[in-house]
Structure formats: structure tokens, C-alpha cells
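Presented below is the structure to which this report refers.
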Amino acid sequence: MKKLFAEFFGTYWLVFGGCGSAIFAAGFPELGIGFAGVALAFGLTVLTMAYAVGHISGGHFNPAVSFGLWAGGRFPAKALIPYIIAQCIGAIAAAGTLYTIASGKAGFAIDNTKAGAFASNGFGAFSPDGYSLESAFIAEFVLTLFFLLIILGATDKFANGRFAGIAIGLALTLIHLISIPITNTSVNPARSLSQAIFVGGGPLSQVWLFWAAPILGAIAAGFIYKTLLQNHAEA
């Protein structure tokens with residue numbers, strides 16, 4: 001249970017910090033943090049929680065990461081469903097907290113016809129810069145693949161594990177710097193689901209892509225690292 005609570009709180013912080021920065025601070029008149037600030041916020045959530053609770057649960061905070069670690073032989077299949085449930089509940093709880101806070105401002109309403117509404121992900125009309133389904137799928141697949149390669153490499157027994165959290169946090173920052181205009185950046189199915197539930201409409205109908213592409217990319221990375229990159233002296 002401690003591992004599941006760690007995943008709950010870690011994913012909660014990721015969504016609250018990352019999506020919260022997009023909702024409240026990104027476009028604040030004249031002082032907004034913009035894309036770069038949101039990208040950094042997501043990276044910082046993972047970095048801080050990796051050191052806070054990573055030693056308890058492994059610090060996944062993302063169903064795609066759990067699948068990737070499973071494919072790489074680092075995580076048991078029997079733990080996948082409990083981890084994913086804990087991650088999704090944490091993400092939805094964070095989105096609910098963000099919604100409650102945002103509702104405290106007069107005139108607050110979510111426009112589910114607008115790209116990126118309530119920090120949601122999307123493609124086509126719901127992509128921040130109008131990118132197609134195919135572009136969104138490729139971006140999410142490739143970026144999650146490299147995210148998992150970085151995670152697997154940084155946490156390898158032959159790597160300097162003290163700095164793994166920094167490498168992983170910076171990787172997520174870079175991923176957001178690349179892809180916020182494309183999909184508003186997911187690489188995390190729980191993060192996409194939590195926002196889509198509160199937005200509804202088009203973003204909710206498109207959330208399947210933000211499960212399929214990251215999970216497939218993560219699984220591909222797990223097999224690639226295990227077969228092509230891992231030092232088999234580990235075995």
C-alpha cells in the first residue's frame with residue numbers, strides 16, 4: 001500500500017504542478033510563465049517527487065512509465081493494474097483540486113471547443129497549433145519512447161543513480177518544450193485522462209490517443225533498451 005500511496009501522491013503533484021502552472025500562470029497578463037515555464041514546471045514535479053518518494057515506489061507517476069519498465073524487465077506484470085489505478089486516481093484528484101480552485105474566480109468556465117482548455121491534450125482542432133492525428137500520434141510515441149530510454153538508462157545499475165531524478169526531470173522538461181504546440185504534451189495517460197474528464201467534449205473523445213501512443217512508445221523503449229542497450233552483465 002505504501003507504494004500505491006507514493007504513486008498517488010507523486011501523480012497528484014505532477015498534475016497539480018504541471019497542469020496548474022498551465023491553467024493559472026502560463027498566460028497571466030505581462031508576467032505569464034509561457035510554454036517554457038510550463039515545461040519547467042512539469043519537469044520539476046517529476047524531479048522533486050522522484051527524490052521524495054521514488055525510493056518507495058520507483059517513482060513512475062505515469063502508466064506509460066509502468067508499462068515501459070515492465071517491457072524492460074524492471075517491473076512485475078502483476079503490479080501494473082494497481083499502479084495504474086493509483087496513478088489515475090491521483091491525477092483525477094489533482095484535476096478536481098485545480099477545478100475547485102479555478103471555480104473561485106468569477107466568470108470561470110471551461111470552453112471545451114478550445115484547444116488546450118483546462119490544460120487538456122488534443123489533435124486536429126484541439127491541438128494548440130492545429131496538428132493532425134498522425135502528427136500527434138508520432139510525437140507522443142517518439143517522445144515517450146525517448147523518455148523511457150532516459151529513465152531506463154539513468155536508473156540502470158551501472159549508471160550514477162544519484163542523478164537519475166535530475167536527468168528524468170530535465171527530460172520531461174525538454175519533451176514539453178518540443179511538443180506543447182503539437183498536443184499540449186501528454187506522454188502520460190493519467191495526466192491526459194484527468195484533464196479530459198473535467199473538459200469533456202472533443203478532448204475527452206480524443207483521450208484514447210494519449211493512452212495508446214505513450215504506452216506503445218514506452219513498451220517499444222523497454223524492449224529496445226533490454227535487447228540493444230542494456231549491459232547483460234547485469235543478469
Side-chain angles (χ1 to χ4, degrees), residues 9-53 59 61-62 64-65 87 90-123 125-131 135-136 139-140 143-144 146-147 150 165-199 203 207 210 214:
F9 287 114
T11 313
Y12 182 104
W13 186 236
L14 185 152
V15 171
F16 187 84
C19 294
S21 70
I23 293 167
F24 300 123
F28 194 84
E30 299 181 10
L31 298 174
I33 62 175
F35 285 175
V38 173
L40 183 60
F42 271 101
L44 288 173
T45 61
V46 169
L47 188 156
T48 51
M49 272 298 171
Y51 287 108
V53 301
F61 319 140
N62 180 339
V65 171
Q87 292 157 359
I92 293 167
T97 306
L98 292 172
Y99 184 86
T100 302
I101 294 169
S103 298
K105 181 178 180 180
F108 168 73
I110 296 175
D111 182 358
N112 65 11
T113 66
K114 182 180 178 182
F118 201 60
S120 59
N121 302 116
F123 55 85
F126 298 100
S127 159
D129 203 26
Y131 286 88
S135 294
E140 291 289 330
L143 290 169
T144 312
F146 275 90
F147 189 39
I150 292 164
I166 297 172
I168 294 166
L170 290 176
L172 190 60
T173 299
L174 175 58
I175 285 167
H176 279 77
L177 289 173
I178 295 167
S179 60
I180 289 176
I182 304 171
T183 61
N184 214 23
T185 311
S186 172
V187 301
N188 186 334
R191 167 262 188 276
S192 296
L193 177 65
S194 64
Q195 304 313 115
I197 285 174
F198 284 87
V199 176
V207 79
F210 301 101

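Just the heavy atoms: all of them, side chains too, but no hydrogens, waters or symmetry mates, feed the values below.
Put simply, the side chain of V207 does not reach to within 4.5 Å of the side chain of Q195, judged on heavy atoms. Taking 4.5 Å as the limit, some side-chain heavy atom of F147 sits within range of a side-chain heavy atom of L172.
The shortest heavy-atom contact between Y12 and T97 is OH-OG1, 2.7 Å. The two residues V15 and A95 make their nearest non-hydrogen contact at CG1-N, 4.1 Å. When all heavy atoms of V199 and P203 are compared, the pair lying nearest together is CG1-CG, 3.7 Å. Shortest non-hydrogen contact noted between I182 and S135 is CG2-O, 4.4 Å. For A119 against I23, the heavy-atom pair with the smallest separation is CB-CG1, 4.1 Å.
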For residues 40-48, which side-chain donor-acceptor pairs fall under 3.5 Å, sequence neighbours excluded?
from: T45; atom 1: OG1; to: F42; atom 2: O; distance (Å): 2.6
from: T48; atom 1: OG1; to: W13; atom 2: NE1; distance (Å): 3.2
from: T48; atom 1: OG1; to: L44; atom 2: O; distance (Å): 2.7
from: T48; atom 1: OG1; to: T45; atom 2: O; distance (Å): 3.1

Which pairs would a plain distance check flag for residues 27-39, meaning a side-chain donor or acceptor within less than 3.5 Å of a matching protein atom at least two apart in sequence or in another chain?
none

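With hydrogens and angles disregarded, no donor-acceptor distance shorter than 3.5 Å links the side chain of E140 to the backbone of P214. Looking at R191, its side chain does come within 3.5 Å of a backbone N or O of T185 through a donor-acceptor pair. Distance alone, capped at 3.5 Å, is enough to place a donor-acceptor pair between the N62 side chain and the V187 backbone. In terms of modelled atom types and a separation under 3.5 Å, the side chain of S120 and the main chain of A196 share no donor-acceptor contact.
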Test log, rule side-chain contact (heavy atoms from CB on, under 4.5 Å), inputs F146 and I175: CA-CA 9 Å; F146 275 90; I175 285 167; over 6 Å; no
Test log, rule side-chain contact (heavy atoms from CB on, under 4.5 Å), inputs M49 and T11: CA-CA 9 Å; M49 272 298 171; T11 313; over 6 Å; no
side-chain contact (heavy atoms from CB on, under 4.5 Å) evaluation trace for F210 with L193: CA-CA 8 Å; F210 301 101; L193 177 65; over 6 Å; no
Derivation and outcome, side-chain contact (heavy atoms from CB on, under 4.5 Å), residues F61 and V53: CA-CA 10 Å; F61 319 140; V53 301; 3.6 Å; yes
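Rounded to the nearest 0.5 angstrom, D111 CG and F118 CZ are separated by 13.5 Å. Once rounded to the nearest 0.5 Å, the distance linking OG of S194 with CZ of F16 reads 12.5 Å. With rounding to the nearest 0.5 Å, the separation of SG in C19 from CG in N121 is 7.5 Å. I197 contributes atom CD1, which lies 3.5 Å from atom CD1 of I92 (distance to the nearest 0.5 angstrom).
Atom OH of Y51 has more than 12 heavy atoms from other residues, nucleotides or ligands within 6.0 Å.
Remark: Y99 pairs with F108, F198 by the ring-ring contact (aromatic ring centres under 6.0 Å, His included) rule, at least two apart or across chains.
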